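Small disclaimer: the values here were computed from a predicted structure and weren't measured. The figures that follow rest on heavy atoms only: side chains count, while hydrogens, waters and symmetry mates do not.
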Amino acid sequence: QTNDDFYLQDPDVLLNIKSNGVDIDPLQEPVIDFGLVEAGNSKALVFTIENNGTADLDLSRTDAFQVLYSPYFTINPPQQNNLPAGGSTTFSVVFTPECNQDAEALVQIVTNDCTYPTFTFQIEGKTTNLVFDAVIQPTCPAAAMGSIQIDAPADYQFAWENGATT
């Protein structure tokens, strides 16, 4: 079956969701990739909801927009609770990893669309840890001690180990 087959089933409400201007087809089990995000930072992706039907799309349920199975993704639902025929709005999903990890989740959208009353798609993101260059400058040529300069934001913590044998 094609998407056109489903459009004919319900001419009143027709939900369509896009990512970067491209339709998300729930039959293809899509995966939306956030790419690499540094630990402690965030990346948001914006999605567009379109109502291509002839009746209002109801977005008012308290559970209408959810991210399932990962605490590292949050969803910012649209401001509109009702999307008129021919209308569109946006929502965003934010990936905020805390450490070096890969994360996967499901976005679930529940509406009054009879063809896709529960529209789901997978999201994923990968995390990178920051790597900093350190400059060690001995205070005198024969000393095993010195100073270290690290250019990094103040909210990062570093562990240092001296493996010297003398």
Side-chain angles (χ1 to χ4, degrees), residues 1-132 151-158:
Q1 288 182 332
T2 66
N3 279 345
D4 291 338
D5 296 333
F6 292 106
Y7 294 152
L8 296 175
Q9 292 175 1
D10 182 18
D12 295 333
V13 175
L14 183 58
L15 170 67
N16 187 49
I17 299 178
K18 292 185 175 192
S19 173
N20 291 324
V22 177
D23 291 346
I24 298 174
D25 183 353
L27 296 177
Q28 300 297 318
E29 298 181 9
V31 177
I32 307 300
D33 190 358
F34 278 73
L36 290 173
V37 178
E38 289 181 354
N41 290 331
S42 296
K43 180 177 182 179
L45 294 182
V46 176
F47 298 87
T48 301
I49 299 175
E50 299 174 332
N51 180 2
N52 295 330
T54 59
D56 289 353
L57 180 66
D58 183 6
L59 306 172
S60 66
R61 291 176 53 141
T62 57
D63 64 345
F65 291 85
Q66 295 185 54
V67 175
L68 308 173
Y69 311 121
S70 177
Y72 304 109
F73 294 96
T74 55
I75 196 162
N76 298 312
Q79 298 297 315
Q80 294 176 256
N81 286 332
N82 193 36
L83 192 58
S88 67
T89 188
T90 60
F91 70 95
S92 64
V93 178
V94 181
F95 177 43
T96 308
E98 294 178 0
C99 57
N100 194 12
Q101 66 202 18
D102 295 344
E104 294 180 351
L106 284 180
V107 172
Q108 176 177 287
I109 302 167
V110 180
T111 70
N112 62 330
D113 182 317
C114 290
T115 305
Y116 300 112
T118 302
F119 191 109
T120 59
F121 59 92
Q122 185 175 343
I123 53 178
E124 66 181 15
K126 294 182 175 37
T127 310
T128 60
N129 279 333
L130 298 175
V131 176
F132 299 101
D151 294 322
D155 59 345
Y156 287 94
Q157 296 180 3
F158 299 91

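Summarising the geometry of F73 relative to G125, their closest heavy-atom pair is CZ-N, 3.9 Å, with the distance given to 0.1 Å. Shown here for E38 and T127, the closest heavy-atom pair between the two residues is C-CG2, 4.2 Å. Closest approach of I24 to S19, counting heavy atoms only: CD1-CB, 3.9 Å. Here the closest heavy-atom approach between residue A44 and residue V94 is recorded as CB-CG2, 3.9 Å. Between L106 and Q122, the closest heavy-atom pair is CD2-CA, 3.8 Å. The two residues S70 and A103 come nearest to each other via the heavy atoms OG-CB, 4.1 Å.
Distance CD1/I109 to OG1/T120: 9.0 Å, rounded to 0.5 Å. Atom CG in L36 sits 7.5 Å away from atom NZ in K126 (nearest 0.5 Å). Atom OG in S88 sits 9.0 Å away from atom CG in N52 (nearest 0.5 Å). From Y116, atom OH reaches atom CG of L27 across 4.0 Å, with rounding to the nearest 0.5 Å. How far CD1 of I75 is from OG of S92: 8.0 Å, rounded to the nearest 0.5 Å. Taken from OG1 in T90 to CD in Q79, the straight-line distance is 9.0 Å, to the nearest 0.5 Å.
The backbone N or O of D58 sits less than 3.5 Å from a side-chain atom of N112, completing a donor-acceptor pair. Here the side chain of D23 pairs no donor or acceptor atom with the backbone of D25 at under 3.5 angstrom. The backbone N or O of I49 lies less than 3.5 Å from no partner atom in the side chain of T89, so there is not a single donor-acceptor pair.
Between F91 and F47, the ring planes are parallel. Angles under 30° get that label, and only those over 60° would be called perpendicular.
V93 places a side-chain heavy atom less than 4.5 Å from the side chain of F34. Side chains of E104 and Y69 form no contact here, defined as non-hydrogen atoms less than 4.5 Å apart. Taking 4.5 Å as the limit, some side-chain heavy atom of P78 sits within range of a side-chain heavy atom of F65. Looking only at side-chain heavy atoms (C-beta outward), L57 and L59 come within less than 4.5 Å of each other.
With no hydrogens or angles considered, no side-chain donor-acceptor pair links T111 and D113 at under 3.5 Å.
The environment of N20 atom CG is sparse: at most 12 non-hydrogen atoms of other residues, nucleotides or ligands sit within 6.0 angstrom.
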